[in-house]
Undergrad: 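One structure, pasted below without further comment.
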Amino acid sequence: MPTYKYEAMDTSGGEVKDSVEALSEEEAQQKIRQMGYFVTKITEVAGTQKKGKKKSTKRKKGRTFTIGGVSSKALCTFTRQFSTLQDAGLPVLRSLRILEHQMKPGVLKNALMDVVDDVESGSTLSEAFAKHPKCFDRLYVNMVKAGEAGGALEVILKRLADFKEKAQSLKRKITGAMVYPVVVILTAVGILTFIMLYIIPKFEKIFKDFNMKLPDLTLMLMATSRWFSNYWYTLPLFPLCWWLMIKLIRLNRTGAYALDRIYLWIPLVGKLIEKTIVARTTRTLGTLVSSGVPILEALSIVRETCTNAVFERMYQRVYESIREGDTISQPLKESRLVDDMVVNMVDVGEETGDLDTMLYKIADVYDEEVNVMVESLISLLEPLMIVVLGLIIGTIVIALFLPLIKLLEGLSKS
């Protein structure tokens with residue numbers, strides 16, 4: 001029977017090194033777990049290195065060529081399934097193999113093949129995940145690491161799955177709410193393009209045949225139509241140039257900060273961005289703190305996931321404050337980026353030692369406020385789009401019919 005050397009953690013967090021005999025690595029892990037230990041490293045003493053190489057080759061054959069990263073939905077589904085398998089008591093390696101076999105070809109499946117190989121060769125799960133930053137970010141890796149250290153991987157995975165699902169739900173709500181206005185705007189652009197390219201030139205031909213003197217508004221409309229006809233291919237360049245300009249500005253730290261500050265000053269949209277970031281970052285911090293990740297490491301991860309330079313600077317100040325032995329609430333208050341409610345709840349959480357619960361409550365409140373704001377913004381956009389489209393179509397109609405009225409008047413007199 002093969003012998004497996006292992007390193008594990010006991011319930012008090014102490015390190016245990018020993019060996020165990022088992023028919024397979026899964027059985028060895030199960031035996032160690034029954035002893036009340038949590039495996040951090042396991043290797044077979046001898047006899048299976050060649051076999052392991054064959055498995056690795058087989059897995060390499062199953063790889064597919066992929067481009068890009070992993071979708072948040074796919075990662076969310078994987079985390080929930082992994083959490084369920086761990087909660088059912090299955091060994092980590094067996095759980096990973098089950099998920100790898102049932103997964104569709106893609107970036108995540110390729111990464112899981114490598115993770116299985118690394119765990120088989122004795123690496124910890126967090127170390128194996130850390131080799132694939134496109135799939136598993138720092139937040140994910142650190143939470144798994146904390147779960148391994150505390151011997152509660154199934155609990156951490158459940159928290160991570162809940163976190164991913166709530167983040168996905170918030171993103172889906174915002175994206176879903178924006179579908180209607182985007183469809184309306186694209187339809188309006190299509191109709192206006194058709195009018196400019198096909199309708200107005202016909203009217204221009206009629207006016208030329210009658211040799212009429214046209215009003216300034218009509219001349220302006222005809223000039224716009226001619227520009228559309230001659231340079232329509234340049235229209236996609238405008239959003240492309242805008243996007244490139246934003247990217248270039250963001251390459252500079254000062255430019256990125258100035259741009260993000262301008263976003264926060266935009267009426268309604270700025271508030272929505274602010275509340276979305278607060279909801280996401282407080283939930284991230286709460287999840288990391290409750291999972292046992294050190295507070296400085298947690299703040300460093302939160303700072304990286306802000307996606308806004310203004311909030312990054314705020315969390316950098318919080319990080320420095322904690323490193324110097326001060327509180328979280330003071331730099332939050334000085335930043336003036338968050339409401340007094342957030343500052344007071346964080347302050348109470350620090351005093352009572354229940355910071356993670358308070359952060360979850362803040363995230364829940366702000367998630368609800370984001371939902372309300374999105375619905376309000378959409379209800380405001382609908383009449384606004386109708387008014388703008390009405391003004392554009394009305395202007396086109398007036399510009400076309402003014403000369404027609406003069407033409408009809410001239411014909412009736414003659």
Undergrad: For a side-chain contact (heavy atoms from CB on, under 4.5 Å) check, start with the C-alpha distance between Cys76 and Lys73, then their side-chain angles and the critical distance, and finish with the verdict.
TA: CA-CA 5 Å; Cys76 188; Lys73 185 180 178 181; 5.6 Å; no
Undergrad: Is Arg250 paired with Asp260 through a side-chain N to carboxylate O contact shorter than 4.0 Å?
TA: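 Yes, this pair counts.
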Undergrad: Please determine whether salt bridge (Lys or Arg N to Asp or Glu O under 4.0 Å) holds for the pair Glu274 and Lys271, giving the CA-CA distance in whole Å, both sets of side-chain angles, and the decisive distance to 0.1 Å.
TA: CA-CA 5 Å; Glu274 180 187 309; Lys271 274 289 176 188; 3.8 Å; yes
Undergrad: Please list, chain by chain and in numerical order, all residues satisfying salt bridge (charged side-chain N to carboxylate O under 4.0 Å, His left out) with Asp162, sequence neighbours excluded.
TA: Arg80, Lys158
Undergrad: Flag this pair as yes if the NZ/CZ of Arg283 is under 6.0 angstrom from the six-membered ring centre of Tyr360 and inside a 45 degree cone about the axis; otherwise no.
TA: no
Undergrad: Could you check, using the six-membered ring where one of them is a Trp, whether Phe82 and Phe78 have ring centers closer than 6.0 angstrom?
TA: yes
Undergrad: Using every non-hydrogen atom in the two residues, find where Leu90 and Gln86 come nearest and quote the distance to one decimal.
TA: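 What the structure gives for the nearest pair is O-NE2, 3.1 Å.
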Undergrad: Which atom pair, heavy atoms only, marks the closest approach of Ser95 to Leu85?
TA: OG-CB, 3.6 Å
Undergrad: Please evaluate residues Leu235 and Phe228 with respect to the criterion side-chain contact (heavy atoms from CB on, under 4.5 Å), reporting the C-alpha separation (whole Å), side-chain torsions for both, the decisive distance (0.1 Å), and the verdict.
TA: CA-CA 9 Å; Leu235 291 175; Phe228 260 84; 3.7 Å; yes
Undergrad: Looking only at heavy atoms, which two atoms of Thr307 and Glu312 are closest? And how far apart?
TA: N-OE2, 4.3 Å
Undergrad: Would you call Lys166-Asp367 a salt bridge at under 4.0 Å N-O?
TA: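 A salt bridge is absent here (no side-chain N lies under 4.0 Å from a carboxylate O).
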Undergrad: Provide the closest heavy-atom pair for Ala188 versus Leu389 in the form atom of the first, atom of the second, distance.
TA: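 Residues Ala188 and Leu389, closest heavy atoms: CB-CD2, 3.2 Å.
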Undergrad: Show the nearest heavy-atom pair for residues Leu400 and Phe207, with the distance to one decimal.
TA: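 Where Leu400 meets Phe207 most closely, the heavy atoms are O-CZ, 3.5 Å.
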Undergrad: For Lys208, check side-chain contact (heavy atoms from CB on, under 4.5 Å) against everything at least two apart and list the hits.
TA: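 Lys208: side-chain contact (heavy atoms from CB on, under 4.5 Å) contacts with Glu204.
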Undergrad: Restricting to non-hydrogen atoms, name the atom on Ile322 and the atom on Asp326 that form the minimum distance, rounded to 0.1 Å.
TA: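 What the structure gives for the nearest pair is CD1-O, 3.6 Å.
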Undergrad: Please determine if Arg313 forms a cation-pi arrangement with Tyr257, meaning its NZ or CZ atom is less than 6.0 Å from the six-membered ring centre and no more than 45° off the ring axis.
TA: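 Judged by the rule (NZ or CZ under 6.0 Å from the ring centre, within 45° of its axis), Arg313 counts as positioned above Tyr257.
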Undergrad: With the threshold set at 4.0 Å, does a side-chain nitrogen-carboxylate oxygen contact exist between Lys275 and Glu369?
TA: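 Yes, Lys275 and Glu369 are salt-bridged.
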Undergrad: The test is side-chain contact (heavy atoms from CB on, under 4.5 Å); show your working for Asp347 and Thr327 and say whether it passes.
TA: CA-CA 8 Å; Asp347 195 21; Thr327 63; 5.5 Å; no
